[in-house]
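A, B, ... follow the sequence lines: proteins, then strands. Residue 1 opens every chain.
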Number of protein chains: 2
Amino acid sequence: MKNSIDQLPARQQQALKTRQKLLKAGKEVFLENGFQKATISQVIKKAETGYGTAYVYFKNKDELFITLMEDLMNQFYKVAEMPFKPQAKEVAYENIKRQVRLFLQLALDERNMMKVVKEAIGVSPEIEEKWYGIRERFIERISVDIRYAQSQKLAKENLDPVLTARGWFYSNEMFMWELVMNEEKYQIDDVIVNLTRMYTGGLYE
Amino acid sequence: MKNSIDQLPARQQQALKTRQKLLKAGKEVFLENGFQKATISQVIKKAETGYGTAYVYFKNKDELFITLMEDLMNQFYKVAEMPFKPQAKEVAYENIKRQVRLFLQLALDERNMMKVVKEAIGVSPEIEEKWYGIRERFIERISVDIRYAQSQKLAKENLDPVLTARGWFYSNEMFMWELVMNEEKYQIDDVIVNLTRMYTGGLYE
DNA sequence: TGTTTGATTGACACTATGTCAATGATATAA
DNA sequence: TTATATCATTGACATAGTGTCAATCAAACA
């Protein structure tokens, strides 16, 4: 247990504890009030620290929230980094379905936090940038898969891999937000099946 | 020219003029500074009115912006209300392409304003609601088209019309924002062709 | 001409932000 | 043990924006 909190000098221990208190209070305040209505004053009050203390550990509200998002965002990166090498059309279809489910389920498992994330993306350019990073990672990964499928003559070659990946991810992302914001409007399985059918086969006979 | 401005009592004329000044100044300030950084103080300064005057005509910044968006949003409604009755697959393909182009081109024609709209959607729930209204109108219209195509045995019947319409519009909308925000990243025609091909035929052979 | 009506105004109360000089507690050295 | 250095903590302050409202001013009307 090297570097564990309880072998640090008491002063650093205290500092870490203060930071943790602020993070915990921050999460509570954000979940209760949403991003815009949350204020530093509410956070320091809940954390029982002085006003200036919050600014010692975080540049501003955005930075505090970014720190809180980090874990969740890393989970998205993990999902984005799972490439797959489809063999036949039927295998591809199942693989794609599984990926979509992983993505949507992750968002739904952290539904309350994701609601705040959505709001924060709209308000803070820094946070928007973070999300765009994740989006581009997904798109890049999907482009690779499409190129591979094309090289195997499984996928149509007159489609641009990057544009196709982008359009496909956009649908997924927007359905994700829709499910996050309106829990009971759609069945997740219906969404997954329909998305995947559309993606692999298109609308027209 | 009944109800023209210059036959109204001088007092109402003056009031209308003040309102116009505020709208003009508002548009300039929003285009210069974006939604969040724009302040009422900047607007009244540019409009050369007293501080309180802005609040006589508009409840707050959001309402002022909504008034400024109205024209543009009505143009989107118009595009959303153009249904089509595809006959054969090839005709459908061309019709869809034309619709996508209308939608993307409208956004690009008002590119600067649309940038501010995007920001405002993220910040103001009222404005977000306005945009969602447009989105749902599009989705409804597209659902009708899909149902019609299915009834004609042109389109696959194992696809849910609403979910399919939604996914399809999401791709279009997100590409629209992408084109609005990053002028030179993609060629509009490439986007249109790829979107339409994906939609009608899917990715896999 | 006097009175009423309604458009306009800016001072005010309020809320939030981010900074910084002062404070106080811990670590270090003598 | 004591003196000193270090650094976490603090809240008062300057700043910036919001929305309100009582007072003012000019047009409409009698």
Quick check: closest heavy atoms across A:Gly34 and A:Val116, and the distance to 0.1 Å?
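In terms of heavy atoms, the two residues are closest at C-CG1, 4.3 Å.
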Carefully, step by step, assess A:Phe169 and A:Phe103 under the rule ring-ring contact (aromatic ring centres under 6.0 Å, His included).
CA-CA 10 Å; A:Phe169 182 73; A:Phe103 176 71; 5.5 Å; yes
Send over the distance from [X] [atom1] to [N] [atom2], rounded to a whole Å.
X       : N      : atom1 : atom2 : result
B:Lys21 : C:dA7  : NZ    : P     : 15 Å
B:Leu64 : D:dT18 : CG    : C1'   : 14 Å
B:Tyr57 : C:dG6  : OH    : P     : 13 Å
B:Gln20 : C:dA7  : CD    : P     : 15 Å
A:Phe58 : C:dT19 : CZ    : P     : 16 Å
A:Lys45 : C:dT15 : NZ    : P     : 12 Å
B:Gln14 : C:dG6  : CD    : P     : 16 Å
A:Tyr51 : C:dA21 : OH    : P     : 18 Å

Contact between A:Met69 and A:Phe65 at the side-chain level, heavy atoms closer than 4.5 Å - yes or no?
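Touching, per the 4.5 Å side-chain cut-off.
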Do B:Asp145 and B:Trp168 have side chains that get closer than 4.5 Å, going by heavy atoms?
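No. Closest side-chain heavy atoms not under 4.5 Å.
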Distance-only polar pair, side chains of B:Gln105 and B:Asp109, donor-acceptor under 3.5 Å
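Yes - a donor-acceptor pair under 3.5 Å links their side chains.
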Are any of B:Thr53's side-chain N or O atoms less than 4.0 Å away from OP1 or OP2 of C:dT8?
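Result: no.
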Hey, does the side chain of B:Thr18 come within less than 4.0 Å of C:dA7's phosphate (OP1/OP2), counting only N and O?
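No, no such contact exists.
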May I ask you to check whether over 12 heavy atoms, not counting those of A:Lys130, lie within 6.0 Å of atom NZ?
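No.
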Atom CD of B:Gln187: over 12 foreign heavy atoms under 6.0 Å
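No, not enclosed.
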When rounded to the nearest 0.5 angstrom, what is the spacing between CD in A:Glu119 and CD in A:Gln36?
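Between A:Glu119 CD and A:Gln36 CD, I get 5.0 Å after rounding to 0.5 Å.
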Close approaches to DNA chain D from residues 34-43 of chain A, in residue order (heavy atom, under 4.0 Å)
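Close to the strand, none.
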Using the 3.5 Å cut-off, write out each protein N or O paired with an N or O of nucleotides 21-27 of chain D and the distance between them.
from, atom 1, to, atom 2, distance (Å)
D:dA27, N3, B:Arg11, NH1, 3.3

Could you walk me through whether B:Glu126 and B:Lys59 pass the salt bridge (Lys or Arg N to Asp or Glu O under 4.0 Å) test, one step at a time?
CA-CA 12 Å; B:Glu126 288 76 34; B:Lys59 217 183 90 206; 6.0 Å; no
